[in-house]
Amino acid sequence: MKISLRLVVALITVSPGLTTLSAAESVSAARILAHTRVLASDEFEGRSPGTPGEDKTVAYLEREFRALGLQPGNPDGSFIQAVPLAGITSRAELAITTASGALPLAPTNDYVAVTTRIAPRVEAKNTEVVFVGYGVVAPEYGWDDYKGVDVRGKTVVMLINDPPVTDASGQLDPKVFGGKAMTYYGRWTYKYEIAAQKGAAACLIVHETAPAAYPFAVVVSSWGRENFEIRAKDGNAGNVGLQGWLTLDATQRLFQAAGQDFATLKRTAATREFRPVALGAKASFAVTTTIRNVDS
C-alpha cells in the first residue's frame, strides 16, 4: 500500500506546454533520478500510509502537479481522494498436533501469520489440516487441486507459485500456466483468495526461496508489521481467518510427523491427477489485533 515511485514517471515526463512528442523527448535519467532521490530519502520515511512520510509524499506530488499546470480532478476541487484504510497489526499463535503429538512451531523461525479481518480477535480450534497442492482451480487448464473436497472450516496447506508442468522435452510448458512466467494463480494473493472462496479457516503457504523468488526473511519483514486493508463494511469477514507462511523445514517436519513424504507429494502436485491429502493433523490458531483507522 505504499505510494509507488511509478507516480514519479507521470510528473517527470511532461512539462507545461510540451506536446506529447516533445514531452517524451524531454525524459532524462537525471530528472528521474532527482525525483527518485527526493521520494526515496530518509525524510519521506518509506512513504507508508498513515505516517508523516505519506503526508510529505502527497504534498510533494501535489506541488509538482501544480508546477506542471495540471488541474485538480476531484469533485471537491482538490488533487486528493481519501482512501479509508485499516492498519492491522497481528499477533498470531499457531499450534499443530499430529498423531505423533504436538509439532514444535516457533513464530518467525517456523511460521509467520496474520489476519486481514478487521476484528479484535480471530480464532479457530482443532481444524483439520489438508494439503491441497498448489491450491489452484484453473478450468482453462483442466486443473483443480481441490477436486471437490470440502475444506470448509479446515486449514489448507499449499505450495507457492504455479504448478511446474513440463512438456515432452522436460521444459516448462509455455501453454500451461505461462511456462517460465508466473500467472496470477502463482501469487500468494490468489492462494488466500481461493482458500477463502472454498471456506477454509486458515491458509498456510509453504515458503521455498527459489519458487517464491525471495527468502523467508522478506516474508518476516513484510508480514511482521502493520499492514493495511481497505476498510470494508463487513470487516473483511469473507477473508480466510488466518493467512500464513510455513518454512520449508517446518513443512517437512509436519509431513514427516503425518507419515507423508513432502518431496513425493510435491511432485504429485505438479500433475492434474493430484487430489487433496488429509494429513491427519489438527491446527488451532488465535490472532489478536491492534487496528488503526487511517484515511490515506
Side-chain angles (χ1 to χ4, degrees), residues 90-117 121-136 145-147 149-161 188 191-192 194-196 198-212 214-224 239-270 274-289:
S90 298
R91 292 171 295 282
E93 296 178 357
L94 172 65
I96 298 179
T97 58
T98 69
S100 303
L103 181 72
L105 289 175
T108 302
N109 291 331
D110 294 317
Y111 71 90
V112 173
V114 302
T115 187
T116 55
R117 293 184 184 176
R121 185 176 176 86
V122 179
E123 62 183 328
K125 295 182 179 180
N126 298 321
T127 66
E128 184 180 348
V129 181
V130 182
F131 176 60
V132 292
Y134 286 85
V136 171
D145 282 332
Y146 288 86
K147 297 289 192 302
V149 173
D150 187 358
V151 297
R152 285 177 294 181
K154 299 177 182 180
T155 292
V156 291
V157 177
M158 61 184 68
L159 303 166
I160 192 60
N161 215 321
W188 55 263
K191 311 285 185 180
Y192 295 134
I194 190 65
K198 295 294 184 179
C203 177
L204 300 173
I205 298 174
V206 179
H207 178 271
E208 294 186 79
T209 298
Y214 43 80
F216 194 68
V218 171
V219 177
V220 172
S221 62
S222 297
W223 293 63
N239 290 6
V240 66
L242 182 84
Q243 300 181 359
W245 296 76
L246 286 175
T247 64
L248 178 59
D249 177 69
T251 302
Q252 290 171 331
R253 287 190 280 115
L254 167 61
F255 279 58
Q256 183 178 18
Q260 300 286 346
D261 182 70
F262 174 74
T264 299
L265 287 183
K266 182 180 177 182
R267 285 193 296 272
T268 305
F274 171 82
R275 299 188 66 84
V277 177
L279 297 180
K282 299 287 186 179
S284 299
F285 66 84
V287 189
T288 55
T289 65

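The basis for the numbers below is simple: all heavy atoms, side chains too, and nothing from hydrogens, waters or symmetry mates. Note that the numbering runs from 1 along the sequence shown for the chain.
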> Parallel, tilted or perpendicular: which fits the ring planes of Trp223 and Trp188, with parallel below 30° and perpendicular above 60°?
Replying inline: perpendicular
For [Y], does its backbone N or O pair with a side-chain atom of [X] as donor and acceptor, under 3.5 Å?
X      : Y      : answer
His207 : Tyr214 : yes
Thr127 : Gly153 : no
Ser222 : Val219 : no
Ser90  : Ala92  : no
Ser284 : Asn126 : yes
Thr264 : Gln260 : no
Thr98  : Ala281 : no

> Can you name the closest pair of heavy atoms from Pro215 and Thr209 and give their distance?
Replying inline: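 Nearest heavy atoms, Pro215 then Thr209: CA-OG1, 3.9 Å.
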> What's the shortest heavy-atom distance between Ala269 and Gly133, and which atoms?
Replying inline: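 Smallest interatomic distance, heavy atoms only, reads CB-CA, 3.7 Å.
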Roughly how far, to the nearest 0.5 Å, is the [atom2] atom of [Y] from the [atom1] atom of [X]?
X      : Y      : atom1 : atom2 : value
Glu93  : Phe285 : CD    : CZ    : 12.0 Å
Leu246 : Ile205 : CG    : CD1   : 10.0 Å
Arg152 : Lys154 : CZ    : NZ    : 9.5 Å
Asn109 : Thr247 : CG    : OG1   : 8.5 Å

Going by heavy atoms in the side chains, are [X] and [Y] under 4.5 Å from each other?
X      : Y      : value
Val157 : Val206 : yes
Asp261 : Phe255 : no
Asp145 : Met158 : no
Thr289 : Arg121 : no
Leu103 : Thr97  : no
Thr155 : Leu204 : yes
Tyr192 : Asn239 : no
Leu265 : Val277 : yes

>> Enumerate the salt bridge (Lys or Arg N to Asp or Glu O under 4.0 Å) contacts for residues 247-260, please, sequence neighbours excluded, ordered by first and then second residue.
In response: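 Checked against salt bridge (Lys or Arg N to Asp or Glu O under 4.0 Å) - neighbours excluded - the pairs reaching residues 247-260 are Asp110-Arg253, Asp249-Arg253.
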> Should we say atom NZ of Lys147 is surrounded by more than 12 heavy atoms from elsewhere, each under 6.0 Å from it?
Replying inline: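 Atom NZ in Lys147 is packed in, count exceeds 12.
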>> Using the rule given for side chain to side chain contact (heavy atoms under 4.5 Å, CB included), can you reason through Leu242 versus Val287, listing the C-alpha separation, both sets of side-chain angles and the distance that settles it, and then say yes or no?
In response: CA-CA 8 Å; Leu242 182 84; Val287 189; 3.4 Å; yes
>> Would Trp245 and Tyr111 count as a side chain to side chain contact (heavy atoms under 4.5 Å, CB included) here? Give the steps.
In response: CA-CA 5 Å; Trp245 296 76; Tyr111 71 90; over 6 Å; no
>> I'd like to know whether Glu208 forms a salt bridge (Lys or Arg N to Asp or Glu O under 4.0 Å) with Lys266, so could you lay out the CA-CA distance, the side-chain angles of the two residues, the decisive distance to 0.1 Å, and finally the verdict.
In response: CA-CA 12 Å; Glu208 294 186 79; Lys266 182 180 177 182; 3.0 Å; yes
>> Tyr146 vs Ile194, test: side chain to side chain contact (heavy atoms under 4.5 Å, CB included). Steps then yes/no.
In response: CA-CA 10 Å; Tyr146 288 86; Ile194 190 65; 3.8 Å; yes
> Hey, do the aromatic rings of Phe131 and Phe274 have their centres closer than 6.0 Å?
Replying inline: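 Aromatic pair counts; centres sit under 6.0 Å.
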>> Suppose we screen for salt bridge (charged side-chain N to carboxylate O under 4.0 Å, His left out). Which residues come up paired with Lys198, at least two apart in sequence or across chains?
In response: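 In terms of salt bridge (charged side-chain N to carboxylate O under 4.0 Å, His left out), with neighbours along the sequence ignored, Lys198 is linked to no residue.
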>> Once salt bridge (charged side-chain N to carboxylate O under 4.0 Å, His left out) is applied, do any residues pair with Arg275, and if so which ones, sequence neighbours excluded?
In response: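 If we apply the salt bridge (charged side-chain N to carboxylate O under 4.0 Å, His left out) test to Arg275, skipping adjacent residues, there are no hits.
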> Applying the side-chain contact (heavy atoms from CB on, under 4.5 Å) test to Lys191, which of Asn161, Val132, Val240, Val136 qualifies?
Replying inline: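 That would be Val136.
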> Regarding Thr116 and Gln243, is there a side-chain donor-to-acceptor distance under 3.5 Å anywhere?
Replying inline: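 Present: a donor and an acceptor within the cut-off.
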